[in-house]
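Order of the sequence lines fixes the chain letters, A, B, ..., with proteins taken first and strands second; residue numbering starts at 1 for each chain. What you are looking at is a predicted structure, and each value in this text was computed from that prediction instead of being measured.
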Number of protein chains: 2
Amino acid sequence: MASRSSPRSVPSPQGELSPVDGLVQLSFLIQNALARRAAEHDLSLIQIRLLGVLRDREPNMNELAKLLELDKSSVSGLIDRAERRGLVGRVPSRADGRVVLVRLTDEGRALASKVAPRLEADVAKILGLLPATASEALTSGISRLLIAHAGEQRASL
Amino acid sequence: MASRSSPRSVPSPQGELSPVDGLVQLSFLIQNALARRAAEHDLSLIQIRLLGVLRDREPNMNELAKLLELDKSSVSGLIDRAERRGLVGRVPSRADGRVVLVRLTDEGRALASKVAPRLEADVAKILGLLPATASEALTSGISRLLIAHAGEQRASL
DNA sequence: TATTGTTATACTCTATAACTATA
DNA sequence: TATAGTTATAGAGTATAACAATA
């Protein structure tokens, strides 16, 4: 899988940085950290997400498409590739002959268990660049923001 | 360009959220907002970044590859597609016959000018979910983090 | 010879549309 | 007929390796 995207980052903050630019750059910083670590294991971000989703679920293709917000045909391909690598397996549903369940293989679970803590550590390290009080304040702000955003989303349904 | 990725998001925060998860989810939230808006104009994130980079620069292919942290062959393809859409142009350097300069066309500049404020507004809106004091604290934390990270990067060279 | 850029090739990821099989 | 999933097809985006042109 030599064509896996290589790690990449984004222009460093230079001079004055608007709040908006700050958020955007932070998002690139985090995503790049994740992608870089994932690439070490020859995984893309979407594959990492797939492994994460399957750690505590055994969804069918349709549910997986909703969870990942992809078209069902995209999920077919995603699972094809993951299956080819031995990370997941397709299991026919016994309740409904049309349905295919997707589950992690032992190998997939092992990989997920190996990579997840490293991803955590990467992000934790970035957060650790700040002194404890600042880091806690930042984390608290982010939590509030995410909660507010989740509320917004719910309200708009 | 019917195959452009559609907007997509990520699981909402549920229950307890670790600092690391918070940062990761925030990054997905921002990236999705950007991608969603970009998709409205049939642009991908990398194309948006390209337009942004070219707004105040006229780099050659090599410099562009460094700015975007892509392989030069990837940039060739990226510019091919953007050129085909009339967004950028290749200009041979007069100083060095090997060099090709890339610049926005009027159309590319117009598009960049139209999209940029919308992207800003999207992110500003997310930030606006917090009360002013919390939002300012968050922004300040992010700035400090980015500055610290930039310092790290420099130190490790 | 070294550098700049393109091309050939291959693979992932994504979508739309058409299809098959089951309900 | 409706639903679940796959397949055919197309295109963006990425990389490596080989190449051509210029310095």
Margin query: Just the rounded figure in Å: distance from P of C:dT12 to CD of A:E83.
Written below: 14 Å
Next item on the list: Could you tell me the separation between the CG atom of A:L45 and the P atom of C:dT14, rounded to a whole number of Å?
Entry: 10 Å
Check: Quick one: does B:L50's side chain get under 4.5 Å of B:I79's, heavy atoms only?
Finding: yes
Margin query: I need the CG-C1' distance between A:L101 and D:dG5, as an integer number of Å.
Written below: 13 Å
Checklist line | Atom pair distance, as rounded to whole Å: CG in A:L70 and P in C:dT12 | finding: 16 Å
Item checked: Short side-chain donor-acceptor distance under 3.5 Å, A:S93 and A:R98 -> no
Note to self: When you compare the side chain of B:L68 with that of B:L78, does any pair of heavy atoms fall below 4.5 Å?
What the structure shows: yes
Next item on the list: Find the distance A:L78:CG to C:dT12:P and express it as a whole number of Å.
Entry: 11 Å
Note to self: So, OP1 or OP2 of D:dT3: does either fall under 4.0 Å of a side-chain N or O from A:N62?
What the structure shows: no
Item checked: Per A:M61 side chain, nearest of listed nucleotides C:dC13, D:dT6, C:dA15 -> D:dT6
Checklist line | Nearest-nucleotide 5' precedence on DNA chain D, B:K72 against B:V75 | finding: B:V75
Check: Should B:E120 and A:D21 count as side-chain neighbours, where that means a heavy-atom distance under 4.5 Å?
Finding: yes
Check: With a cut-off of 6.0 Å (strictly less than), are more than 12 heavy atoms of other residues, nucleotides or ligands near CG of A:D56?
Finding: yes
Note to self: In this structure, how many angstroms lie between the P atom of C:dC13 and the CG atom of A:L64, rounded?
What the structure shows: 13 Å
Margin query: Before you tell me yes or no, could you show the steps for B:V99 and B:N62 under side-chain contact (heavy atoms from CB on, under 4.5 Å), namely the whole-Å CA-CA distance, both residues' side-chain angles and the distance that decides it to 0.1 Å?
Written below: CA-CA 9 Å; B:V99 168; B:N62 221 348; over 6 Å; no
Notebook entry, point to check: Between B:D80 and B:R90, does at least one N-O distance fall below 4.0 Å, as a salt bridge requires?
Noted result: yes
Check: Under 4.0 angstrom, heavy atoms only, what part of the nucleic acid is A:G97 near: base, sugar-phosphate, or nothing?
Finding: sugar-phosphate
Notebook entry, point to check: Looking for any heavy atom pair under 4.0 Å, which part of the strands does B:D71 touch: base, sugar-phosphate only, or nothing?
Noted result: base
Check: Can you tell me how far C1' of D:dA15 sits from CG of B:L68, to the nearest Å?
Finding: 15 Å
Next item on the list: Check whether any side-chain N or O of A:R90 sits under 4.0 Å from OP1 or OP2 of D:dT6, and answer yes or no.
Entry: yes
Checklist line | Spacing of A:I46 atom CD1 relative to D:dA12 atom C1', expressed in whole Å | finding: 16 Å
Checklist line | N or O in side chain of B:R81 less than 4.0 angstrom from D:dG13 OP1/OP2 | finding: yes
Margin query: Side-chain N or O of B:N60 versus OP1/OP2 of C:dT4: is the shortest distance under 4.0 Å?
Written below: no
Margin query: Can you tell me which nucleotide in D:dT6, D:dA21, D:dA2 comes closest to the side chain of A:R98?
Written below: D:dA2
Check: Is a donor-acceptor contact shorter than 3.5 angstrom present between the side chain of B:S73 and the base of D:dT16?
Finding: yes
Checklist line | side-chain N/O B:S74 vs D:dG13 OP1/OP2, d < 4.0 Å | finding: no
Next item on the list: Mind grabbing the angle between the end helix axes of the helix from C:dT1-D:dA23 to C:dA23-D:dT1? Five pairs an end, 10° rounding.
Entry: 20°
Note to self: Less than 4.0 angstrom from a charged side-chain N to a carboxylate O is my criterion; do B:K66 and B:E63 meet it?
What the structure shows: no
Next item on the list: Measure from the side-chain heavy atoms of A:D96 and tell me the nearest of D:dT7, C:dT14, C:dA23.
Entry: C:dA23
